[in-house]
Amino acid sequence: MSKFGKAFGYDSSAKNTTIRTEITAGVVTFLAMAYILVLNPILMLNGTNGHLHSSVFIATALGAFVGTFLMAILAKLPLAQAPGLGLNSMVGGLLGGGLIGTALSFGSSMLLVLISGVLFLVLSILKIRGLSIREIIYKAIPESVRGAISVGIGLFIAFIGLYNSGKGIIVGGLGTPVDLVAFNSWDMALLAQPLVLLVGFVVIAILSHFKVRGAVIIGIIVATLFGMIPGIDVTSWSGASWKFWENFRGFFSLDVAEGGTFLAAFTDINFGGASVMSLIMVVITFCMIDMFDTMGTCVGCCTAAGLMTKDGVPKNYNQIMIADSVATCTGAFFGTSTVTTFVESGAGVAEGGKTGITALTTACLFILSIFIYPIIVSIPGAAANSALIWVGCLMLKGVKNIKVDSVKDFVPAFLTIAIMPLGYSITDGIGLGILSYVLISVCGYLFGLIGYACGKKEGKEKPVWDLHIVTIIIAVLFIVYFFVPVM
């Protein structure tokens, strides 16, 4: 056990943990994030390419396994990875045509994910003056925008769950863009799915209040069972085959028409006339979101587990970033959206997980999940989407990290948060946040410079130029993205 333990960072005398504790923590982490197996195919495909559902399910499990195993063996930390929420919705937008105005093929969407992963890996490896390019970019993004991104994504995710493809608690209104579903109608054809959604969310919230492990998956199960009640009739048996080898045959077929998501990034290329700039911005957005999400999650979980260095950096930080970026590339090969570190890793940390054995346990459970596919896909979307609302609640915690000391801080933060759900676009939220920050900063500097020149004798201090060149470059890219017509 000593050699095996050391391979995953296990040292009972130094870490104050046990193998049993680590395995238990890994199971808890899996239970906390297993909902992604159900949600990822739903959000990625978004009503399109239904024949790919089983293959995307397999890709989700394999992507989560590879990412979490890499975290276990390279970083040796209790952090788990899987296709990230919000990022899979972006893929759904690409496939449906809503994100960039034209629909892309499945393979083309995966190619963009792969490119973002390669870019992410390069940014994690290359260094300038001792700092990786990724660290330089991170420090160049306005602090207020960085803090607002997770909150904005949380609201965006929650809105997706609440709307539930037009059958949720939030529906299209009469005379208004959106409205609350009419609970007083007592029309079960209208209320069945919203009720299942509410039941799942309430159960998750109550169990989480009492710190019950696996609250999310328990809530989904309860909502699924509630959907079986006569008159509700939301839950039904999928009828999917237990012959998992048939799903694997489709998965590895190398033909998207037959369900082949494996290597679709190279066999199914059709960008549908999308502009080069829109594709570039999608790649940048994938990369940025993965970057900020991973950084925030790692700092939070490692702080809770006492796995921070004296400099306030998570232990094995570079290995964490490399594992994350390689996982994204691997996930794209399989046919899933960007693989990122999950905040639910904190559930395992709270259970006592401190080493890579926790992550190894979680990784193995993701592999086993492939063989119970018929059960998992029988879970209705309304039950699964209750987890989205809960994740949105969790991401609201990021509000305390938003810098709102001045106009140039709180205006970009507000726009970043508000535009994501209201504009139904993560890209647009980040873009307007950065653009507003740069605009206010430039105007503030110029007017301050004029005031300084006019009032030198009064002892006014000369304004300081504090915009990073990388921030300006990103802002220029967003100007092109927003204002140059898509050809």
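The figures here come from the full heavy-atom set of this structure, side chains too, leaving out hydrogens, waters and symmetry mates.
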>> Using the side-chain contact (heavy atoms from CB on, under 4.5 Å) criterion, which residues pair with Asp187? Sequence neighbours excluded.
In response: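 side-chain contact (heavy atoms from CB on, under 4.5 Å) list for Asp187, sorted by chain: Ser185, Ala189, Leu190.
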>> Suppose we screen for side-chain contact (heavy atoms from CB on, under 4.5 Å). Which residues come up paired with Trp237, at least two apart in sequence or across chains?
In response: Trp242, Pro374, Ile375, Ser378
>> Taking salt bridge (Lys or Arg N to Asp or Glu O under 4.0 Å) as the definition, give me every residue that meets it alongside Lys403, ordered by chain and number, with sequence neighbours left out.
In response: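 None.
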Less than 4.5 Å apart, any side-chain heavy atom of [X] and any of [Y]?
{"X": "Phe334", "Y": "Thr261", "value": "no"}
{"X": "Ile430", "Y": "Phe478", "value": "yes"}
{"X": "Val326", "Y": "Ile322", "value": "yes"}
{"X": "Leu45", "Y": "Phe106", "value": "yes"}
{"X": "Met420", "Y": "Leu155", "value": "no"}
{"X": "Met321", "Y": "Leu123", "value": "no"}
{"X": "Val283", "Y": "Val113", "value": "no"}
{"X": "Lys167", "Y": "Val234", "value": "no"}

Judged by atom type as modelled, is there a donor-acceptor pair below 3.5 Å linking the side chain of [X] to the main-chain atoms of [Y]?
{"X": "Thr235", "Y": "Thr224", "result": "yes"}
{"X": "Lys76", "Y": "Ile73", "result": "yes"}
{"X": "Glu22", "Y": "Lys354", "result": "yes"}
{"X": "Ser436", "Y": "Gly433", "result": "yes"}

>> For Leu197 versus Gly168, what's the shortest heavy-atom pair and its separation?
In response: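 Closest pair (atom of Leu197, atom of Gly168, distance): CD2-CA, 4.4 Å.
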> How far apart are the closest heavy atoms of Leu191 and Ala182, and which atoms are they?
Replying inline: CD2-O, 3.5 Å
>> For Val66 and Phe333: C-alpha separation, side-chain torsions, deciding distance, then whether side-chain contact (heavy atoms from CB on, under 4.5 Å) applies.
In response: CA-CA 12 Å; Val66 171; Phe333 284 130; over 6 Å; no
>> Parallel, tilted or perpendicular: which one describes the rings of Phe366 and Phe30, with boundaries at 30° and 60°?
In response: perpendicular
>> So for atom CE, which belongs to Met188, do other residues, nucleotides or ligands contribute more than 12 heavy atoms lying within a distance under 6.0 Å?
In response: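 Yes, enclosed.
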